[in-house]
Amino acid sequence: MPMKGLIWFRTDLRLDDNPALLDAIDKCDEVAGIYIFSENQWNDHNESNVKLSFLIKNLEILEKSLSNLNIPLITLNTNSFKSLPKDLNNFSVTNNINQVFWNNEFGINESKRDDLSAQILNNSNIHVSRFDDQVIYEPGILRTGQGKPFSVFTPFKRRWIENFDMNFLEIRKPSALKKSISLNNESSKIQYSKIHKVDIDLWPAGEDAAAARLSNFLELKSRDYNQSRNSPILDGTSRISPYLALGILSPRRCILEGMKLNNFELTSGNKGICKWIDEIVWREFYRNIMHSFPKVSLNKPFQDYTDSIKWRHCDNELKAFYEGRTGFPIVDAGIRQMLTEGWMHNRLRMVVAMFFTKNMLHDWRLGEEFFMKNLIDGDFSSNNGGWQWSASTGTDAAPYFRIFNPITQSQNFDPNGDFIKKFIPELKDVSLKNIHQPKQDLFSSSDYPAPMLDLKTSRLRAIEAFKTAREFNNS
DNA sequence: GACTAGTTTTT
DNA sequence: AAAACTAGT
(Lines give C-alpha, C1' and ligand atoms only; values in the text may rest on other atoms or scores of the structure.)
Protein backbone atom coordinates (compact mmCIF):
# COMPACT_ATOMS: atom_id res chain seq x y z
CA MET A 1 0.00 0.00 0.00
CA PRO A 2 1.39 3.42 -0.90
CA MET A 3 1.75 5.96 1.91
CA LYS A 4 -0.72 8.76 1.28
CA GLY A 5 -0.08 12.24 2.65
CA LEU A 6 -2.10 15.41 2.87
CA ILE A 7 -0.58 18.88 3.26
CA TRP A 8 -2.98 21.29 4.88
CA PHE A 9 -2.07 24.74 3.55
CA ARG A 10 -2.99 27.84 5.56
CA THR A 11 -0.61 30.80 5.74
CA ASP A 12 2.20 29.03 3.92
CA LEU A 13 1.10 29.19 0.29
CA ARG A 14 4.45 28.41 -1.27
CA LEU A 15 6.86 25.65 -2.25
CA ASP A 16 9.99 27.46 -1.08
CA ASP A 17 11.08 26.83 2.52
CA ASN A 18 7.94 24.93 3.42
CA PRO A 19 8.81 22.32 6.08
CA ALA A 20 5.43 20.58 5.98
CA LEU A 21 5.65 20.16 2.22
CA LEU A 22 9.22 18.86 2.37
CA ASP A 23 8.39 16.30 5.03
CA ALA A 24 5.29 15.11 3.20
CA ILE A 25 7.34 14.54 0.05
CA ASP A 26 10.02 12.72 2.06
CA LYS A 27 7.61 10.43 3.86
CA CYS A 28 4.87 9.72 1.36
CA ASP A 29 4.47 8.12 -2.05
CA GLU A 30 1.40 10.14 -2.96
CA VAL A 31 0.49 13.57 -1.68
CA ALA A 32 -2.40 16.00 -2.01
CA GLY A 33 -2.64 19.59 -0.79
CA ILE A 34 -5.77 21.06 0.73
CA TYR A 35 -6.89 24.61 1.47
CA ILE A 36 -10.02 25.01 3.59
CA PHE A 37 -11.81 28.32 3.45
CA SER A 38 -14.56 29.78 5.61
CA GLU A 39 -16.11 33.09 4.71
CA ASN A 40 -17.65 33.37 8.18
CA GLN A 41 -14.32 32.86 9.83
CA TRP A 42 -12.68 35.30 7.46
CA ASN A 43 -15.22 37.96 8.42
CA ASP A 44 -15.06 37.11 12.13
CA HIS A 45 -11.36 37.91 12.06
CA ASN A 46 -12.00 41.16 10.17
CA GLU A 47 -9.91 40.01 7.25
CA SER A 48 -10.22 42.34 4.26
CA ASN A 49 -11.75 41.85 0.84
CA VAL A 50 -8.55 42.97 -0.81
CA LYS A 51 -6.63 40.29 1.07
CA LEU A 52 -9.23 37.71 0.07
CA SER A 53 -8.88 38.62 -3.57
CA PHE A 54 -5.09 38.36 -3.24
CA LEU A 55 -5.48 34.99 -1.49
CA ILE A 56 -7.55 33.56 -4.34
CA LYS A 57 -5.04 34.66 -6.96
CA ASN A 58 -2.24 33.12 -4.97
CA LEU A 59 -4.08 29.83 -4.55
CA GLU A 60 -4.47 29.59 -8.32
CA ILE A 61 -0.73 29.98 -8.76
CA LEU A 62 0.03 27.56 -5.93
CA GLU A 63 -2.18 24.97 -7.60
CA LYS A 64 -0.15 25.25 -10.79
CA SER A 65 3.23 25.03 -9.12
CA LEU A 66 2.14 22.10 -6.94
CA SER A 67 0.96 20.22 -10.01
CA ASN A 68 4.56 20.30 -11.27
CA LEU A 69 5.41 18.21 -8.21
CA ASN A 70 2.50 15.88 -8.97
CA ILE A 71 0.55 17.26 -6.04
CA PRO A 72 -3.04 18.36 -6.67
CA LEU A 73 -4.46 21.22 -4.61
CA ILE A 74 -8.00 20.73 -3.34
CA THR A 75 -10.05 23.62 -2.00
CA LEU A 76 -12.95 23.06 0.36
CA ASN A 77 -15.42 25.38 2.06
CA THR A 78 -16.33 25.02 5.69
CA ASN A 79 -18.60 26.96 7.99
CA SER A 80 -16.04 28.07 10.59
CA PHE A 81 -13.02 26.91 12.56
CA LYS A 82 -15.49 24.92 14.64
CA SER A 83 -16.67 22.76 11.76
CA LEU A 84 -13.26 22.55 10.14
CA PRO A 85 -11.62 19.68 12.07
CA LYS A 86 -14.53 17.38 11.26
CA ASP A 87 -14.46 18.31 7.56
CA LEU A 88 -10.71 17.80 7.38
CA ASN A 89 -11.07 14.42 9.04
CA ASN A 90 -13.88 13.38 6.70
CA PHE A 91 -11.83 14.32 3.69
CA SER A 92 -8.82 12.41 5.00
CA VAL A 93 -10.78 9.29 5.85
CA THR A 94 -12.66 9.28 2.53
CA ASN A 95 -9.38 9.47 0.64
CA ASN A 96 -7.45 6.93 2.73
CA ILE A 97 -4.92 9.52 3.89
CA ASN A 98 -2.32 8.10 6.29
CA GLN A 99 -0.61 11.30 7.38
CA VAL A 100 -1.51 14.98 7.53
CA PHE A 101 1.19 17.68 7.53
CA TRP A 102 0.93 21.35 8.38
CA ASN A 103 2.89 24.41 9.51
CA ASN A 104 1.64 25.83 12.81
CA GLU A 105 -0.30 29.03 13.18
CA PHE A 106 -0.16 30.71 16.59
CA GLY A 107 -3.39 32.64 16.89
CA ILE A 108 -5.53 31.59 19.82
CA ASN A 109 -8.40 30.33 17.62
CA GLU A 110 -6.00 28.81 15.14
CA SER A 111 -4.15 26.85 17.83
CA LYS A 112 -7.39 25.51 19.24
CA ARG A 113 -8.56 24.51 15.77
CA ASP A 114 -5.24 22.79 15.08
CA ASP A 115 -5.18 20.91 18.40
CA LEU A 116 -8.72 19.70 17.85
CA SER A 117 -7.92 18.69 14.27
CA ALA A 118 -4.90 16.70 15.39
CA GLN A 119 -6.98 14.96 18.04
CA ILE A 120 -9.76 13.98 15.65
CA LEU A 121 -7.31 12.79 13.01
CA ASN A 122 -5.43 10.72 15.57
CA ASN A 123 -8.70 9.10 16.57
CA SER A 124 -9.07 8.05 12.94
CA ASN A 125 -5.57 6.57 13.08
CA ILE A 126 -4.18 9.30 10.89
CA HIS A 127 -0.76 10.56 11.88
CA VAL A 128 -0.26 14.31 12.20
CA SER A 129 3.06 16.12 11.69
CA ARG A 130 3.30 19.79 12.66
CA PHE A 131 6.08 22.25 11.79
CA ASP A 132 7.09 25.86 12.32
CA ASP A 133 7.65 28.12 9.34
CA GLN A 134 6.54 31.48 10.70
CA VAL A 135 9.41 32.03 13.11
CA ILE A 136 13.01 31.07 13.70
CA TYR A 137 12.28 30.03 17.29
CA GLU A 138 9.11 28.30 18.36
CA PRO A 139 7.05 30.93 20.25
CA GLY A 140 7.60 30.89 24.00
CA ILE A 141 11.02 29.23 23.75
CA LEU A 142 13.15 32.36 24.22
CA ARG A 143 12.88 33.46 27.87
CA THR A 144 14.33 36.10 30.18
CA GLY A 145 16.79 35.24 32.98
CA GLN A 146 13.77 34.78 35.25
CA GLY A 147 12.20 32.34 32.85
CA LYS A 148 9.50 34.79 31.79
CA PRO A 149 8.51 35.57 28.22
CA PHE A 150 10.07 38.76 26.86
CA SER A 151 7.90 41.81 26.72
CA VAL A 152 10.48 44.29 25.44
CA PHE A 153 11.95 44.03 21.99
CA THR A 154 15.62 44.83 22.62
CA PRO A 155 16.36 42.10 25.17
CA PHE A 156 14.29 39.70 23.03
CA LYS A 157 16.43 40.53 20.03
CA ARG A 158 19.61 40.14 22.08
CA ARG A 159 18.60 36.60 23.06
CA TRP A 160 17.43 35.89 19.52
CA ILE A 161 20.91 36.73 18.23
CA GLU A 162 22.76 34.89 21.05
CA ASN A 163 20.96 31.67 20.14
CA PHE A 164 21.10 32.17 16.39
CA ASP A 165 22.79 29.58 14.21
CA MET A 166 23.25 29.75 10.44
CA ASN A 167 22.02 26.15 10.27
CA PHE A 168 18.54 27.48 11.09
CA LEU A 169 18.50 28.91 7.57
CA GLU A 170 19.25 25.73 5.66
CA ILE A 171 16.60 25.59 2.96
CA ARG A 172 16.08 22.48 0.83
CA LYS A 173 14.34 22.38 -2.52
CA PRO A 174 11.32 20.10 -2.82
CA SER A 175 11.52 17.33 -5.42
CA ALA A 176 8.66 16.09 -7.56
CA LEU A 177 6.75 12.95 -6.66
CA LYS A 178 6.81 10.10 -9.14
CA LYS A 179 3.11 9.55 -9.12
CA SER A 180 0.00 11.64 -8.61
CA ILE A 181 -2.55 10.72 -5.98
CA SER A 182 -6.03 9.57 -6.92
CA LEU A 183 -8.80 11.15 -4.90
CA ASN A 184 -12.45 10.45 -4.33
CA ASN A 185 -13.32 14.11 -3.73
CA GLU A 186 -13.61 16.96 -6.16
CA SER A 187 -12.33 20.41 -5.31
CA SER A 188 -14.99 23.03 -4.69
CA LYS A 189 -14.66 26.68 -5.65
CA ILE A 190 -14.02 29.05 -2.77
CA GLN A 191 -17.28 30.71 -1.79
CA TYR A 192 -17.43 34.41 -0.97
CA SER A 193 -20.04 37.08 -1.37
CA LYS A 194 -17.94 40.22 -1.85
CA ILE A 195 -14.68 40.75 -3.65
CA HIS A 196 -12.32 43.64 -4.17
CA LYS A 197 -10.08 43.87 -7.21
CA VAL A 198 -6.37 43.93 -6.41
CA ASP A 199 -4.22 46.28 -8.44
CA ILE A 200 -2.21 43.65 -10.26
CA ASP A 201 0.70 46.00 -10.86
CA LEU A 202 1.03 46.80 -7.19
CA TRP A 203 0.58 43.30 -5.85
CA PRO A 204 1.42 40.61 -8.41
CA ALA A 205 0.51 37.21 -7.00
CA GLY A 206 2.68 34.13 -6.57
CA GLU A 207 5.97 33.22 -5.01
CA ASP A 208 8.00 34.08 -8.10
CA ALA A 209 6.65 37.62 -7.89
CA ALA A 210 7.42 37.69 -4.17
CA ALA A 211 10.98 36.46 -4.74
CA ALA A 212 11.51 39.03 -7.49
CA ARG A 213 10.25 41.79 -5.21
CA LEU A 214 12.55 40.64 -2.43
CA SER A 215 15.68 40.51 -4.56
CA ASN A 216 14.81 43.80 -6.22
CA PHE A 217 14.48 45.45 -2.83
CA LEU A 218 17.65 43.90 -1.46
CA GLU A 219 19.71 44.85 -4.49
CA LEU A 220 18.44 48.37 -5.01
CA LYS A 221 17.03 49.66 -1.75
CA SER A 222 18.12 47.68 1.30
CA ARG A 223 21.39 49.54 1.82
CA ASP A 224 19.55 52.85 2.13
CA TYR A 225 16.74 51.38 4.19
CA ASN A 226 17.98 52.98 7.40
CA GLN A 227 17.14 56.40 5.93
CA SER A 228 14.68 55.90 3.12
CA ARG A 229 12.25 53.62 4.99
CA ASN A 230 10.86 56.73 6.70
CA SER A 231 9.86 58.53 3.54
CA PRO A 232 6.48 57.46 2.18
CA ILE A 233 7.09 59.10 -1.19
CA LEU A 234 10.53 57.52 -1.70
CA ASP A 235 8.91 54.16 -1.08
CA GLY A 236 12.11 52.81 0.44
CA THR A 237 10.44 49.84 2.13
CA SER A 238 10.30 46.34 0.69
CA ARG A 239 6.48 46.07 0.43
CA ILE A 240 6.70 42.36 1.07
CA SER A 241 4.23 42.34 3.99
CA PRO A 242 1.27 41.02 1.92
CA TYR A 243 3.43 38.07 0.86
CA LEU A 244 4.57 37.38 4.41
CA ALA A 245 1.00 37.63 5.70
CA LEU A 246 -0.19 34.77 3.47
CA GLY A 247 3.12 32.91 3.54
CA ILE A 248 3.86 33.42 -0.16
CA LEU A 249 7.36 34.22 1.12
CA SER A 250 9.01 32.85 4.26
CA PRO A 251 10.69 34.98 6.94
CA ARG A 252 13.64 32.56 6.93
CA ARG A 253 14.13 33.22 3.23
CA CYS A 254 14.07 36.98 3.91
CA ILE A 255 16.69 36.75 6.64
CA LEU A 256 18.90 34.44 4.59
CA GLU A 257 18.83 36.65 1.49
CA GLY A 258 19.47 39.75 3.61
CA MET A 259 22.41 38.11 5.38
CA LYS A 260 23.92 36.98 2.07
CA LEU A 261 24.20 40.63 1.08
CA ASN A 262 25.73 41.52 4.42
CA ASN A 263 28.61 39.05 4.68
CA PHE A 264 26.37 36.80 6.83
CA GLU A 265 26.30 39.40 9.59
CA LEU A 266 23.27 40.28 11.71
CA THR A 267 24.56 43.18 13.79
CA SER A 268 27.48 44.65 11.87
CA GLY A 269 28.05 45.65 8.28
CA ASN A 270 25.39 47.60 6.43
CA LYS A 271 23.02 49.43 8.77
CA GLY A 272 20.14 49.37 6.32
CA ILE A 273 20.19 45.60 5.91
CA CYS A 274 20.48 45.10 9.69
CA LYS A 275 17.53 47.40 10.25
CA TRP A 276 15.46 45.54 7.70
CA ILE A 277 16.27 42.16 9.28
CA ASP A 278 15.23 43.78 12.58
CA GLU A 279 11.77 44.22 11.15
CA ILE A 280 11.49 40.50 10.49
CA VAL A 281 12.51 39.91 14.11
CA TRP A 282 9.83 42.40 15.23
CA ARG A 283 7.33 40.24 13.43
CA GLU A 284 8.57 37.24 15.40
CA PHE A 285 8.52 39.26 18.63
CA TYR A 286 4.83 40.11 18.21
CA ARG A 287 4.04 36.48 17.39
CA ASN A 288 5.66 35.59 20.71
CA ILE A 289 3.56 38.20 22.49
CA MET A 290 0.41 36.77 20.95
CA HIS A 291 1.48 33.29 22.03
CA SER A 292 2.60 34.12 25.58
CA PHE A 293 -0.10 36.66 26.44
CA PRO A 294 -3.47 35.29 25.28
CA LYS A 295 -5.22 38.40 26.60
CA VAL A 296 -4.08 40.42 23.58
CA SER A 297 -6.13 38.05 21.42
CA LEU A 298 -9.13 38.54 23.68
CA ASN A 299 -9.62 42.23 23.02
CA LYS A 300 -7.57 43.21 26.07
CA PRO A 301 -4.64 45.62 26.27
CA PHE A 302 -1.20 44.35 27.21
CA GLN A 303 -0.93 47.03 29.92
CA ASP A 304 -3.80 46.21 32.24
CA TYR A 305 -4.23 49.70 33.67
CA THR A 306 -5.08 51.12 30.24
CA ASP A 307 -8.32 49.14 30.32
CA SER A 308 -9.78 51.86 32.52
CA ILE A 309 -9.04 54.70 30.11
CA LYS A 310 -12.22 56.57 29.22
CA TRP A 311 -12.00 56.54 25.44
CA ARG A 312 -14.12 59.08 23.64
CA HIS A 313 -16.67 58.02 21.06
CA CYS A 314 -17.90 60.41 18.39
CA ASP A 315 -19.60 59.06 15.27
CA ASN A 316 -18.86 62.15 13.18
CA GLU A 317 -15.17 62.04 14.02
CA LEU A 318 -15.04 58.31 13.32
CA LYS A 319 -16.71 58.77 9.95
CA ALA A 320 -14.29 61.54 8.97
CA PHE A 321 -11.36 59.40 10.07
CA TYR A 322 -12.51 56.33 8.14
CA GLU A 323 -12.83 58.44 4.99
CA GLY A 324 -9.52 60.23 5.37
CA ARG A 325 -11.12 63.60 6.07
CA THR A 326 -9.66 64.61 9.44
CA GLY A 327 -8.27 67.87 8.07
CA PHE A 328 -4.70 66.78 8.82
CA PRO A 329 -3.17 66.10 5.38
CA ILE A 330 -0.52 63.55 6.38
CA VAL A 331 -3.10 61.54 8.36
CA ASP A 332 -5.64 61.67 5.55
CA ALA A 333 -3.05 60.82 2.90
CA GLY A 334 -2.08 57.71 4.88
CA ILE A 335 -5.69 56.58 5.25
CA ARG A 336 -6.40 57.21 1.57
CA GLN A 337 -3.30 55.25 0.58
CA MET A 338 -4.71 52.29 2.48
CA LEU A 339 -8.14 52.69 0.89
CA THR A 340 -6.66 52.74 -2.63
CA GLU A 341 -3.61 50.47 -2.39
CA GLY A 342 -4.72 48.13 0.40
CA TRP A 343 -1.46 49.04 2.05
CA MET A 344 -0.06 51.92 4.11
CA HIS A 345 3.53 53.00 4.62
CA ASN A 346 4.67 52.09 8.13
CA ARG A 347 5.64 55.61 9.15
CA LEU A 348 2.07 56.65 8.36
CA ARG A 349 0.59 53.69 10.21
CA MET A 350 2.24 55.11 13.32
CA VAL A 351 1.18 58.68 12.59
CA VAL A 352 -2.41 57.64 11.87
CA ALA A 353 -2.67 55.30 14.87
CA MET A 354 -1.17 57.87 17.21
CA PHE A 355 -3.56 60.55 15.95
CA PHE A 356 -6.54 58.24 16.41
CA THR A 357 -5.69 56.99 19.87
CA LYS A 358 -4.17 60.14 21.37
CA ASN A 359 -5.48 63.25 19.65
CA MET A 360 -8.92 61.81 18.88
CA LEU A 361 -8.69 59.69 22.04
CA HIS A 362 -10.64 56.87 20.46
CA ASP A 363 -10.32 53.22 21.44
CA TRP A 364 -7.34 51.60 19.68
CA ARG A 365 -9.48 48.49 19.05
CA LEU A 366 -11.62 50.44 16.56
CA GLY A 367 -8.52 51.52 14.69
CA GLU A 368 -7.10 48.01 14.78
CA GLU A 369 -10.31 46.70 13.24
CA PHE A 370 -10.40 49.43 10.59
CA PHE A 371 -6.89 48.51 9.48
CA MET A 372 -7.60 44.75 9.40
CA LYS A 373 -10.68 45.36 7.27
CA ASN A 374 -8.74 47.36 4.70
CA LEU A 375 -5.20 46.01 4.58
CA ILE A 376 -3.95 43.47 2.07
CA ASP A 377 -1.23 42.52 4.58
CA GLY A 378 -3.56 42.20 7.59
CA ASP A 379 -1.79 40.12 10.22
CA PHE A 380 -3.30 39.90 13.68
CA SER A 381 -0.14 39.97 15.76
CA SER A 382 1.69 42.67 13.81
CA ASN A 383 -1.41 44.86 13.52
CA ASN A 384 -2.39 44.44 17.14
CA GLY A 385 1.20 44.99 18.27
CA GLY A 386 1.53 48.12 16.19
CA TRP A 387 -1.75 49.62 17.37
CA GLN A 388 -1.04 48.87 21.00
CA TRP A 389 2.42 50.35 20.67
CA SER A 390 0.96 53.54 19.24
CA ALA A 391 -1.77 53.66 21.86
CA SER A 392 0.77 53.10 24.67
CA THR A 393 -1.33 50.16 25.83
CA GLY A 394 1.11 47.56 24.59
CA THR A 395 4.57 46.08 25.00
CA ASP A 396 7.58 48.30 24.69
CA ALA A 397 5.04 51.06 24.94
CA ALA A 398 6.04 54.53 24.01
CA PRO A 399 5.60 56.53 27.23
CA TYR A 400 2.05 57.81 27.07
CA PHE A 401 3.19 61.42 26.99
CA ARG A 402 5.26 60.86 23.86
CA ILE A 403 2.68 61.83 21.29
CA PHE A 404 3.57 62.36 17.64
CA ASN A 405 2.71 65.76 16.29
CA PRO A 406 1.22 65.08 12.84
CA ILE A 407 2.39 68.46 11.48
CA THR A 408 5.97 67.88 12.62
CA GLN A 409 5.87 64.31 11.30
CA SER A 410 4.58 65.63 8.00
CA GLN A 411 7.33 68.25 7.74
CA ASN A 412 10.01 65.72 8.65
CA PHE A 413 8.93 62.80 6.47
CA ASP A 414 7.09 64.42 3.56
CA PRO A 415 8.98 67.72 3.45
CA ASN A 416 7.78 68.73 -0.01
CA GLY A 417 4.25 67.47 0.47
CA ASP A 418 4.64 65.16 -2.52
CA PHE A 419 3.02 62.23 -0.79
CA ILE A 420 0.15 64.38 0.46
CA LYS A 421 -0.51 65.67 -3.06
CA LYS A 422 -0.39 62.19 -4.51
CA PHE A 423 -3.25 60.97 -2.34
CA ILE A 424 -5.18 64.19 -1.73
CA PRO A 425 -5.83 65.74 -5.13
CA GLU A 426 -7.81 68.60 -3.53
CA LEU A 427 -4.49 69.89 -2.23
CA LYS A 428 -2.45 69.62 -5.40
CA ASP A 429 -2.21 73.41 -5.87
CA VAL A 430 -1.50 74.31 -2.26
CA SER A 431 1.84 76.06 -1.71
CA LEU A 432 4.75 74.31 -0.05
CA LYS A 433 4.46 76.70 2.86
CA ASN A 434 0.91 75.59 3.60
CA ILE A 435 0.76 71.98 2.48
CA HIS A 436 1.08 70.55 5.99
CA GLN A 437 -1.68 72.85 7.30
CA PRO A 438 -3.70 73.84 4.23
CA LYS A 439 -6.57 75.66 5.97
CA GLN A 440 -4.21 78.55 6.62
CA ASP A 441 -3.76 79.00 2.89
CA LEU A 442 -6.26 81.50 1.51
CA PHE A 443 -6.11 79.82 -1.88
CA SER A 444 -6.63 76.28 -0.63
CA SER A 445 -9.49 74.33 -2.01
CA SER A 446 -12.67 74.35 0.04
CA ASP A 447 -13.15 70.65 -0.77
CA TYR A 448 -10.68 69.82 1.92
CA PRO A 449 -12.08 69.86 5.46
CA ALA A 450 -10.88 72.05 8.32
CA PRO A 451 -8.87 70.31 11.05
CA MET A 452 -11.23 68.27 13.22
CA LEU A 453 -9.42 69.14 16.44
CA ASP A 454 -6.84 71.32 18.11
CA LEU A 455 -3.52 69.53 18.46
CA LYS A 456 -2.36 71.20 21.64
CA THR A 457 -5.48 70.74 23.73
CA SER A 458 -6.19 67.23 22.43
CA ARG A 459 -2.64 66.22 23.34
CA LEU A 460 -3.10 67.43 26.91
CA ARG A 461 -6.50 65.73 27.06
CA ALA A 462 -4.88 62.39 26.17
CA ILE A 463 -2.11 62.78 28.72
CA GLU A 464 -4.72 63.59 31.34
CA ALA A 465 -6.81 60.52 30.44
CA PHE A 466 -3.79 58.23 30.78
CA LYS A 467 -2.77 59.86 34.05
CA THR A 468 -6.24 59.39 35.49
CA ALA A 469 -6.35 55.73 34.50
CA ARG A 470 -2.93 55.15 36.00
CA GLU A 471 -3.82 56.83 39.31
CA PHE A 472 -7.15 55.01 39.43
CA ASN A 473 -5.27 51.77 39.05
CA ASN A 474 -2.70 52.58 41.72
CA SER A 475 -5.24 53.52 44.38
C1' DG B 1 18.64 47.66 44.23
C1' DA B 2 21.26 50.22 41.12
C1' DC B 3 22.09 50.69 36.57
C1' DT B 4 21.40 50.65 31.57
C1' DA B 5 19.07 51.48 27.71
C1' DG B 6 15.19 52.01 25.02
C1' DT B 7 12.54 51.38 16.94
C1' DT B 8 10.13 55.07 15.34
C1' DT B 9 9.61 62.14 20.18
C1' DT B 10 7.77 66.15 22.01
C1' DT B 11 7.66 71.32 23.71
C1' DA C 1 18.54 69.90 27.36
C1' DA C 2 14.93 67.34 29.83
C1' DA C 3 11.26 64.43 30.56
C1' DA C 4 5.64 62.63 33.21
C1' DC C 5 8.43 55.52 32.08
C1' DT C 6 10.21 50.65 32.99
C1' DA C 7 12.05 45.71 31.57
C1' DG C 8 15.85 43.17 32.12
C1' DT C 9 20.39 42.35 33.97
Side-chain angles (χ1 to χ4, degrees), chain A residues 142-163 224-232 234 236-238 241 266-267 271-286 288-289 292-293 301-306 309 328 330-331 334 344-359 381-383 385-414 436 454-474:
Chain A
L142 298 183
R143 299 255 154 182
T144 68
Q146 278 93 55
K148 289 198 277 195
F150 287 99
S151 61
V152 169
F153 177 73
T154 307
F156 172 81
K157 169 98 193 282
R158 192 178 302 137
R159 181 61 46 79
W160 192 97
I161 286 175
E162 275 168 15
N163 292 17
D224 300 324
Y225 183 74
N226 216 20
Q227 295 292 320
S228 58
R229 78 197 148 94
N230 277 319
S231 161
L234 284 184
T237 70
S238 60
S241 51
L266 276 172
T267 49
K271 284 205 167 66
I273 299 175
C274 291
K275 192 81 196 168
W276 185 75
I277 292 175
D278 251 22
E279 303 292 343
I280 309 286
V281 182
W282 267 98
R283 187 169 182 276
E284 185 157 331
F285 172 67
Y286 280 137
N288 271 266
I289 296 296
S292 300
F293 301 93
F302 182 82
Q303 302 282 353
D304 295 329
Y305 89 90
T306 62
I309 288 171
F328 290 87
I330 197 67
V331 173
M344 196 194 304
H345 188 279
N346 190 51
R347 166 60 54 179
L348 302 179
R349 295 192 196 201
M350 294 188 283
V351 172
V352 167
M354 195 74 86
F355 181 83
F356 185 78
T357 55
K358 302 291 173 60
N359 297 104
S381 55
S382 299
N383 189 49
W387 271 91
Q388 294 220 49
W389 181 86
S390 299
S392 305
T393 66
T395 56
D396 232 77
Y400 62 82
F401 48 87
R402 185 185 290 171
I403 297 171
F404 285 14
N405 180 322
I407 309 287
T408 314
Q409 290 283 318
S410 188
Q411 288 161 341
N412 288 343
F413 301 114
D414 189 25
H436 305 289
D454 178 68
L455 285 180
K456 205 170 169 185
T457 52
S458 62
R459 176 177 180 275
L460 293 172
R461 179 176 66 187
I463 290 172
E464 207 46 47
F466 273 80
K467 232 181 184 169
T468 308
R470 178 179 290 264
E471 279 157 13
F472 172 77
N473 215 255
N474 285 338

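As a basis for the values below, the full set of heavy atoms in this structure was taken, side chains included, without hydrogen atoms, waters or symmetry mates. Quick note on labels: first sequence line is chain A, next is B, and so on, each numbered from 1.
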* In Å, rounded to the nearest 0.5 Å, how long is the span from CZ of A/F404 to NZ of A/K358? -> 9.0 Å

* In whole Å, what is the span from the CD atom of A/Q227 to the C1' atom of B/dT8? -> 13 Å

* Selected nucleotide, minimal atom distance to A/F413 side chain, candidates B/dT9, C/dT6, C/dG8 -> B/dT9

* To do: Could you give me the stems involving DNA chain B, meaning stretches of three or more consecutive Watson-Crick or G-U wobble pairs whose two defining distances are both below 3.5 Å?
  => B:2-6 with C:5-9

* May I ask you to verify if any side-chain N or O of A/S151 is less than 4.0 angstrom from the OP1 or OP2 atom of C/dG8? => yes

* Determine the contact category for A/Q146: base if any of its heavy atoms lies under 4.0 Å from a base atom, sugar-phosphate if only primed atoms, P, OP1 or OP2 are that close, otherwise nothing. => base

* Structure fact -> Separation of B/dT10 atom P from A/Q411 atom CD, nearest Å, is 10 Å

* To do: Take the protein atom NZ of A/K456 and the nucleotide atom P of B/dT9, then report the distance between them rounded to whole Å.
  => 21 Å

* Listed nucleotide nearest any side-chain atom of A/V152, set B/dT8, C/dT9, C/dA7 -> C/dA7

* Distance-only side-chain donor-acceptor flag, A/Q388 / A/T393, under 3.5 Å -> yes

* Counting heavy atoms from C-beta on, name the nucleotide in B/dT9, C/dG8, C/dA4 closest to the side chain of A/I463. => C/dA4

* Asked: When all nucleic acid strands are considered with a 4.0 Å heavy-atom cut-off, which category describes A/R159: base, sugar-phosphate, or nothing?
  -> sugar-phosphate

* Distance, rounded to the nearest Å, where A/E162 contributes CD and C/dG8 contributes C1' -> 12 Å

* Structure fact -> When every non-hydrogen atom of A/T306 is compared with those of A/S392, the smallest separation belongs to CG2-O, 3.8 Å

* For A/K467, report the nucleic acid contact type (base, sugar-phosphate, nothing); a contact means any heavy atom under 4.0 Å. => nothing

* Give the rounded distance in Å between these two atoms: CZ of A/F156 and P of C/dT6. => 22 Å

* Rounded to the nearest 0.5 Å, how far does CD of A/E284 lie from CG of A/N288? -> 6.0 Å

* **Atom pair distance, as rounded to whole Å: CG in A/L348 and C1' in B/dT8** => 12 Å

* Asked: Could you give the NZ-to-P distance, from A/K148 to C/dG8, as a whole number of Å?
  -> 7 Å

* Asked: Within this structure, what is the CG-to-P distance between A/N405 and B/dT9, rounded to whole angstrom?
  -> 12 Å

* Can you find a side chain N or O atom of A/R158 that sits less than 4.0 Å from OP1 or OP2 on C/dA7? -> no

* Which value, rounded to the nearest 0.5 Å, describes the distance between A/I277 atom CD1 and A/Y225 atom OH? -> 11.0 Å

* **Distance test, side-chain N/O of A/Q303 to OP1/OP2 of C/dT6, below 4.0 Å** => no

* Asked: Side chain of A/R459: nearest nucleotide among C/dG8, C/dA4, C/dT6?
  -> C/dA4

* Structure fact -> Ranking C/dA7, C/dC5, B/dT9 by distance to the side chain of A/R347, first place goes to B/dT9

* Structure fact -> Nearest heavy-atom contact between A/F413 and A/P232 is O-CD, 3.4 Å

* Structure fact -> Which of B/dT10, B/dT8, C/dG8 is nearest the side chain of A/T144? It is C/dG8

* With sugar-phosphate meaning primed atoms plus P, OP1 and OP2, does A/F150 contact a base, only sugar-phosphate, or nothing at under 4.0 Å between heavy atoms? -> sugar-phosphate

* Is the A/F153 ring parallel, tilted or perpendicular to the A/F156 ring (thresholds 30°, 60°)? -> tilted

* **Closest listed nucleotide, where the reference is the side chain of A/M350 and the choices are C/dT9, B/dT8, C/dC5** => B/dT8

* What heavy-atom pair brings A/F302 and A/S151 nearest, and what distance separates the two atoms? -> CZ-CB, 3.6 Å

